[in-house]
Amino acid sequence: MNWLGIIILTALLIDFVLHAVADALNLSNFKKEVPEPFQDVYTAEQYRQSREYLRANTKSDWVESAFHLILFVGFWFTGGFNLLDQWVRSLSENAVVCGIMFVFILTTARILLGLPFNLYQTFVIEERFGFNKTTWQTFLMDRMKGLMLGIVIGIPLLAAILAFFEYAGANAWWYCWLVVSIFSLLLQFVAPTWIMPLFNKFKPLEAGELRSAILAYAKTIDFPLENVFVMDGSKRSAKSNAFFTGFGRHKRIVLFDTLINQTTVAELVAILAHEMGHFKKRHILMNTAIAICHTGILFFLLSVFISLPALFNAFYMAAPSIYAGMLFFGMLFSPVEFFLGVIMQAFSRYNERQADHFAVTTTRKRQPLISALKKLSVHNLSNLTPHPAYVVLNYSHPPILERIETISKTPESGR
């Protein structure tokens, strides 16, 4: 193994250890007593279940992470990448076709190896704690639809990237940047109306008190909202959520049907005020711009490292290739991605605080958002006291107790 291989292996092991330690700290940080702000909504039995739910998920994640790490390192050190490369080369002389087969086989293998863990998560852990509503038919159809989308959307995009790097020379990286950026933006418009309905049913919220209250609030903040959609989240899980997606006339605010059944009108308006806050604060545009810049930097660096002989030697490859170089560069860049991920998680938590502030000051009420967050935490068996190290590595939202404390101090008027 050369120096690049040592860097990649060290990064993989450090990442695994850091997350394992954070998980352990997270488990040990669980408080024995229900935190004071939740004593009015959390029973002792529900709190005990939330602890068991956290423990079950953590143990499952440990086993899955260790399994994939051991399998990956074993495949690497036994020359698996080179054997696979030689096999696909024997099937075709076209570099793009070889690349598609190489990536498709590795991706499919990863999905199949992860399938037992997905099954255990859905039909054992989620079932045990009363969340699972997914049938075997729905589970299998979801995977089939995901695979078909990967083939229909992913393969042409991969082919374009491979072709650019194979034939476009020094200009390849920014051709790829342009194509991927345009594709990502188009997907933002297409996904709400064409892709998401493949998995769930979306129907306009019926006329009534809730719809009137939401539209009235949207009008007060000059939010261009024509409709609110209800998603059949109960088809797969008893958990609740709401989200904002899309751009222009394709944008949607979506409520899970489970959320409507568990919260009051005022609480739902507060939740949607938070989601609209992301739009009004331009968080979606900022995240899109960051993602586009990140993509450009990645492709530029890829163009520098993609033909580096030491990178292929690290994985015992007999011959270099564009497709293998892309994969290996991704592993080499993983330490940088780790730190970027930590920064982006912190940025996301900052945005969530802004959205909470927006919701309180525009609805001029704190209590509905606080009570909604409490209910969501109870219904979803959320961990109320995550360890700070775990938050840094994994949380895109501030911990729930921190959110409630901040909201409680937010003035109900002024922006």
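Residue numbers start at 1 and run along the sequence shown. Note that the coordinates shown come from a computational prediction; the quantities given were computed from them, not determined experimentally. For the numbers below, each heavy atom of this structure counts, side chains included, while hydrogens, waters and symmetry mates do not.
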Value for CZ (Arg403) from CG (Leu373), rounded to nearest 0.5 Å, stands at 4.5 Å
Is a side-chain donor or acceptor of Glu267 paired with a backbone partner of Thr264 at a separation under 3.5 angstrom?
-> yes
Distance col, row Ile253:CD1 vs His278:NE2, nearest 0.5 angstrom, shows 10.5 Å
Looking only at heavy atoms, the pair that brings Asp85 and Ala319 closest together is OD2-O, 3.9 Å
Heavy-atom donor-acceptor pair, Thr361 side chain to Phe358 backbone, under 3.5 Å | yes
For Gln345 and Val392, work out which heavy atoms get closest and say how close.
-> CB-O, 4.1 Å
Note: Glu352-Arg349 ion pair, threshold 4.0 Å (strictly below) = no
Is the Phe30 to Tyr47 ring centre distance short of 6.0 Å?
-> yes
Enclosure of Arg110 CZ (heavy-atom neighbours >12, cutoff 6.0 Å) | no
Atom NZ of Lys203 with >12 non-hydrogen neighbours under 6.0 angstrom | no
Heavy atoms from other residues, nucleotides or ligands near CZ of Arg48 exceed 12 (cutoff 6.0 Å) = yes
side-chain hydrogen bond (donor to acceptor under 3.5 Å, both in side chains) test vs Ser240 passes for just one of Gln262, His379, Lys375, namely Gln262
Quick one: do the Thr135 and Thr138 side chains pair a donor with an acceptor below 3.5 Å?
-> yes
Distance-only, no hydrogens or angles: does the Asp232 side chain make a donor-acceptor pair with backbone N or O of Phe202 under 3.5 Å?
-> no
Mind listing the closest non-hydrogen atom pair of Met317 and Ala324 along with its distance?
-> CE-CB, 3.9 Å
What about Phe123 and Phe139, are their ring centers closer than 6.0 Å?
-> yes
For the pair Met326 and Leu162, evaluate side-chain contact (heavy atoms from CB on, under 4.5 Å) and give the outcome as yes or no after the intermediate values.
-> CA-CA 9 Å; Met326 289 172 56; Leu162 291 173; 3.6 Å; yes
Please check if any side-chain donor atom of Tyr53 sits under 3.5 Å from a side-chain acceptor atom of Asn383, or the reverse.
-> no
Under 6.0 Å from the CD atom of Glu45, do we count more than 12 heavy atoms belonging to anything else shown?
-> yes
Heavy atoms of other groups near Met286 CE, more than 12 under 6.0 Å = yes
Examine distances only and state if a side-chain atom of Asn82 and a backbone atom of Ala318 form a donor-acceptor pair shorter than 3.5 Å.
-> yes
For the atom pair CG (Asp142) and CG (Leu147), what is the distance rounded to the nearest 0.5 Å?
-> 12.5 Å
Would a distance-only check, ignoring hydrogens and angles, find a side-chain to backbone donor-acceptor pair under 3.5 Å from Thr10 to Ile6?
-> yes
How long is the gap from CG on Leu54 to OG1 on Thr385, to the nearest 0.5 Å?
-> 8.5 Å
Check whether any side-chain heavy atom of Ile370 lies under 4.5 Å from a side-chain heavy atom of Lys374, and answer yes or no.
-> yes
Just checking, any donor-acceptor pair under 3.5 angstrom between side chains of Asp356 and His274?
-> yes
Where is the tightest heavy-atom contact between Leu115 and Arg143, given as atom of each residue plus distance?
-> CD1-CG, 4.4 Å
Decide if the gap between the ring center of Phe328 and the ring center of Phe81 is smaller than 6.0 angstrom.
-> yes
Would Lys235 and Asp257 pass as an ion pair if we require N to O under 4.0 Å?
-> no
Residues Phe67 and Leu113: closest non-hydrogen pair is CE2-O, 4.1 Å
Hey, do the aromatic rings of Tyr217 and Phe223 have their centres closer than 6.0 Å?
-> no
Check against ring-ring contact (aromatic ring centres under 6.0 Å, His included), Phe315 and Trp76 | CA-CA 6 Å; Phe315 288 89; Trp76 173 5; 4.5 Å; yes
Between the side chain of Ser92 and the main-chain N/O of Val88, is any donor-acceptor distance below 3.5 Å?
-> no
Give a yes or no on whether the backbone of Thr43 and the side-chain of Gln46 come within a donor-acceptor separation of less than 3.5 Å.
-> yes
Closest heavy-atom pair, Leu311 versus Gly325, reported as atoms and distance to 0.1 Å, is CD2-O, 4.0 Å
May I ask you to decide whether Glu126 forms a salt bridge with Lys133, counting only side-chain N to carboxylate O separations under 4.0 Å?
-> no
Check step by step if side-chain contact (heavy atoms from CB on, under 4.5 Å) holds for Phe77 and Leu9.
-> CA-CA 11 Å; Phe77 283 12; Leu9 180 60; 3.8 Å; yes
Backbone N/O of Arg236 and side chain of Thr134: donor-acceptor pair under 3.5 Å | yes
Qualifying residue, where the test is ring pair (Phe, Tyr, Trp, His ring centres under 6.0 Å) with Trp173 and the options are Phe300, Phe299, Phe165, Phe164 = Phe300
Return yes when atom CZ of Phe338 has more than 12 non-hydrogen atoms of other residues, nucleotides or ligands closer than 6.0 Å, and no otherwise.
-> yes
Give a yes or no answer on whether the side chain of Ser65 reaches the backbone of Trp62 with a donor-acceptor pair at less than 3.5 Å.
-> no
Would you say the side-chain atoms of Trp177 pair up with the backbone N or O of Ile297, donor to acceptor, closer than 3.5 Å?
-> no
More than 12 foreign heavy atoms under 6.0 Å from CG of Asp222: is that the case here?
-> no
